[in-house]
Amino acid sequence: MPDAGEVLVRAESVSKVFSSRAGDVRAVDELSFEIMRGETLGLVGESGSGKSTVARLVMGLQPPTEGRVLFDGADLASVRGREMRALRRRMQMVFQNPYGSLLPHYTAAANVAEPLRLHKIGDQDSRRKEALRLLDMVGVNPRFADLYPRQFSGGQQQRIAIARALALNPDLLVCDEPTSALDVSIQAQILKLLVDLRESLGLTCLFISHNLAVVERLATRVAVMNHGQLVELAPAEQLFHTPQHSYTQTLLAAVLPVRGAKAATLVDAPPVPEEEVT
Amino acid sequence: MGTIATSETLATDLGAGSPVADAPRPRGQWARAWDRFRSNRLAFVSLIFCGLLVLLALAAPWVATHHYAETDYNARLTPIGTPGHLLGTDLLGRDVASRLIYGLRTALFVAFGAELTALVLALLIGLVAGYRGGRIEQVLMGFTDVMYAFPSYLFAVVLVTVLGRSLFALILAIGIASWVTQARLVRAQVLALKQRDYVEAARAMGARGPTIAVKYILPNAIGPILVTTSFAIPAAIAAEAGLALLGLGVQPPTPSWGAMITDGMKYLLAAPHMMVFPAVLFALTLLAFTWVGDGLRDAFDASGEQR
Amino acid sequence: MTGPLLSVRDLRTHFVRGKETLRAVQGVSFDVEPGRALAIVGESGSGKTVTARSLLRLLPRTARIANGQAILRVPKRAGASGGHRRGSGSASDAHREVDLLALPERELRRVRGREVGMVFQNAMEAMNPTLTLERQLTEHLLWHGICGKTEARERAVRALGDVGIPEPERRIRTYPFQLSGGMRQRAMIAMAMLTEPALLIADEPTTAVDVTVQRQILDLLVEVKNRGTGIVMITHDLGVARYFCDDVVVMYAGRVVERAPTTALLDEPQHPYSVGLLGSSVELGDRARPLLPIPGSPPDLARLPSGCAFHPRCGRAELPRCQTDQDLVTLTDGRETACWKAVADA
């Protein structure tokens with residue numbers, strides 16, 4: 001079980017510069033932050049703010065140009081080979097486009113079992129059993145385990161992707177816009193699933209989204225990025241109620257409300273028995 | 001267009017407890033490609049025809065009534081329907097039907113051999129270049145570009161001249177002439193697939209480079225590669241005939257359709273059967289293989305692949 | 001003006017795929033008044049985009065408009081239809097009515113982009129990446145025979161300025177890809193509004209842009225609306241509908257399930273699907289509210305459940321009553337819903 005207050009990820013003035021013929025782009029500029037065990041750090045920003053690059057830096061998928069990212073004390077840039085693979089087991093990622101992130105030629109069960117196979121955990125039978133258990137846990141009927149990703153709807157694909165990310169029982173789950181490609185009603189299902197899983201599994205999350213409302217719902221603390229820089233980092237409650245930075249204020253002001261004051265109570269009356277939501 | 005729910009998207013989202021009919025059949029990429037291929041009647045009939053050709057070529061020693069080199073000086077240039085020589089005989093009294101079958105054997109052996117060689121080379125070079133990138137890619141693709149600039153026929157002619165007129169030389173000559181296009185295609189496919197999220201997802205899971213290239217990228221690149229290969233087979237059959245026409249085919253008396261057509265032309269008026277049958281069979285074979293390629297292309301067409 | 005600007009009746013659009021017929025739009029009706037905006041709200045597969053595209057018959061080849069009318073009342077104006085303007089000035093003659101679904105292709109092309117403007121989710125879809133803004137905008141005017149070359153350029157520059165593009169004189173010489181996403185959307189709106197169309201169809205115009213830009217684009221469209229243009233806005237975003245649209249049509253599986261003035265619909269949704277959509281919407285400040293997702297996912301159009309297509313996902317469904325077809329019923333306050341239970345409650 002996670003101990004609160006213990007740092008899992010520490011980014012120390014991390015920068016990432018992408019060089020191309022058109023010149024250098026500073027996607028991430030001197031970013032420093034920490035992710036505590038058991039918390040969900042929300043990362044908000046508009047397109048091009050560099051938030052997806054942060055996800056990849058934290059995952060060690062890209063090396064930072066300057067600064068360093070420490071995962072549980074280990075500098076991701078200096079860890080190699082076997083040690084890196086051992087670290088990889090402990091951090092997993094959920095992507096925006098669920099179909100694109102699943103192996104198209106593997107069945108749902110095989111996709112979920114693949115990380116176990118890669119890390120040589122268990123044998124074929126135990127891996128399949130585990131995959132079915134995970135699929136069931138995320139609300140995919142195990143009877144459909146042998147279908148291919150494209151035979152599922154977008155919401156189901158994202159559930160499979162989440163099951164795969166959880167297969168290795170990671171310490172850190174990085175979610176990069178996990179609900180942005182989904183319809184409103186499906187988005188709510190996936191958010192609910194993530195909230196439930198986070199609580200039951202005690203996950204530490206880096207949750208990246210352009211949708212402020214989604215981040216507000218999930219995050220313990222929230223970081224706001226603009227043009228590669230961190231403009232504000234505060235506990236969620238504080239950030240959404242008393243934003244300090246003018247950019248945060250602009251962002252919050254631009255959000256369009258859906259419900260009137262009157263409606264807020266009305267929709268609380270459950271239209272659907274909750275247990276049907278899997 | 002907005003996404004439209006299709007029958008291939010299943011309404012499988014109902015909770016585990018809800019009454020859903022039996023689980024639908026899993027349909028992987030091969031199964032779907034096969035479904036689409038089968039629905040194309042021309043391609044399907046062509047595939048059967050090609051299959052029969054392959055069987056015929058394999059069974060040549062048992063099907064052919066005569067050996068291809070067996071001459072009968074008493075029955076030279078006999079017409080169609082001569083007892084014992086269903087399609088007549090040629091100038092040396094050799095059975096045309098038997099030589100056609102053995103000619104088919106040569107054509108398919110050379111074509112399949114050449115394309116297999118080309119495929120292996122192309123996959124190796126394209127995959128390594130596409131996946132590794134950097135200096136290795138520059139060297140490999142630079143080499144490919146040089147080969148691409150070299151006229152392939154000339155190359156084949158030189159190679160056959162150097163190595164002699166053997167089946168092996170032909171396979172090598174034609175194979176080397178066609179791997180270049182293939183390698184470029186493989187690399188392009190790999191580069192495109194490398195951008196897909198699942199490659200990054202695989203890296204995040206802790207997969208190693210070779211695993212990603214061979215287990216994740218290659219199976220998804222194979223469809224388009226198979227399509228070009230299937231189009232390259234009739235081209236290779238034609239190339240073999242073409243080289244024979246130039247006198248660079250297999251060493252006689254091993255029969256080759258190209259050589260049979262060339263010989264037949266000389267006696268077109270006296271013995272039309274000598275040329276007509278090889279020419280017709282040659283044309284039909286090319287068409288059938290091309291139609292199979294067409295069918296494969298439609299079957300692997302990426303449209304509708306991604307939603 | 002008498003009567004609505006656009007009146008759509010019983011629109012049905014089908015897609016043919018192999019032996020299957022997908023009924024993407026099944027009997028959709030609505031009106032659009034001048035100077036008002038109607039939102040067509042729904043999730044993917046609801047038929048909202050197909051509905052919008054059917055109006056201008058901008059559909060893929062496998063689609064067929066099986067039934068329906070879309071009567072557009074076009075104001076007659078000088079120079080319209082090649083200057084053959086008749087002299088009488090009676091009120092009924094100030095407009096002509098055309099059925100967009102029955103118009104011959106040639107005439108439809110005259111209506112498209114002239115009487116009806118279109119704004120897409122992604123400007124790159126509507127603009128030619130190889131032409132400068134100047135070429136695209138002036139050619140649009142010239143093609144519709146609205147004015148001469150010099151005036152066309154002036155109008156184009158003015159139109160870009162109107163949509164808030166700074167330095168329009170300079171920007172008009174750039175290519176679409178040289179603009180930021182927000183600027184491109186503005187340029188596309190400028191192009192759509194060049195001919196002062198009576199009706200603007202906007203298909204998710206802010207889905208691909210950031211929140212801060214979204215607000216600006218919507219404010220721009222408010223100006224367009226205030227000038228008297230009727231707007232049909234396709235969106236999945238209820239916040240956009242609330243901010244911008246006067247009326248909302250909610251679509252599910254090709255049918256309209258509810259229609260009402262925006263605030264009425266979003267404050268007191270009647271149809272269980274609308275209720276579910278609102279329950280699923282996450283917004284700022286409602287962290288304490290439990291998330292109430294709709295279970296399941298939208299149905300396969302080739303295998304629609306009988307009756308109300310929503311009933312398998314509906315918590316209030318009662319069988320077998322919900323398995324029989326339910327038409328839209330007008331409630332006392334003028335709003336319409338396609339749920340018999342909602343009607344019974346009202």
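Computed from heavy atoms alone, side chains included, the values below leave out hydrogens, waters and symmetry copies. Quick caveat, the model's predicted, so the values are computed rather than measured. Just so it is clear: chains get the letters A, B, ... in the order the sequence lines come, proteins before strands, and each one is counted from 1.
- Residues of residues 206-224 of chain A having a heavy atom under 4.5 Å from any heavy atom of chain C, listed by number: A:Leu212, A:Ala213, A:Val214, A:Glu216, A:Arg217, A:Leu218, A:Ala219.
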- Query: When you look at A:Ser185 and C:Glu43, which way does the side chain to side chain donor-acceptor pair (under 3.5 Å) test go after all the steps?
  - Reply: CA-CA 8 Å; A:Ser185 69; C:Glu43 299 183 276; 2.7 Å; yes
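- Separating the CG atom in A:Asp183 from the CG atom in C:Leu277 is a distance of 9.0 Å, to the nearest 0.5 Å.
- For the atom pair A:Gln187 CD and C:His236 NE2, the distance stands at 8.0 Å (nearest 0.5 Å).
- Considering all non-hydrogen atoms of both residues, A:Val258 and C:Leu266 come closest at O-CD1, 3.6 Å.
- Residue C:Val209 does not touch chain A at all, counting heavy-atom pairs closer than 4.5 Å.
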- Task: Might you work through the side chain to side chain contact (heavy atoms under 4.5 Å, CB included) test for C:Val282 and A:Thr179, ending with a clear yes or no?
- Result: CA-CA 11 Å; C:Val282 183; A:Thr179 62; over 6 Å; no
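- Heavy-atom distances place both the backbone and the side chain of A:Leu252 under 4.5 Å from chain C.
- For the residue pair C:Thr212 / A:Glu46, a side-chain donor-acceptor distance below 3.5 Å is found, with atom types taken as modelled.
- For C:Arg287, the parts lying under 4.5 angstrom from a heavy atom of chain A are both the backbone and the side chain.
- Of the possible polar contacts, one joining the A:Arg259 side chain to the C:Ser281 backbone as a donor-acceptor pair under 3.5 Å is found.
- Summarising the local packing, CD of A:Glu237 is surrounded by 12 or fewer heavy atoms from other residues, nucleotides or ligands at distances under 6.0 Å.
- Note: A:Leu256 CG to C:Thr206 OG1 = 8.0 Å, rounded to the nearest 0.5 Å.
- Both the backbone and the side chain of C:Asp286 come within contact range of chain A, with heavy atoms under 4.5 Å apart.
- For C:Asp210, there are no salt bridge (charged side-chain N to carboxylate O under 4.0 Å, His left out) partners at least two apart in sequence or on another chain.
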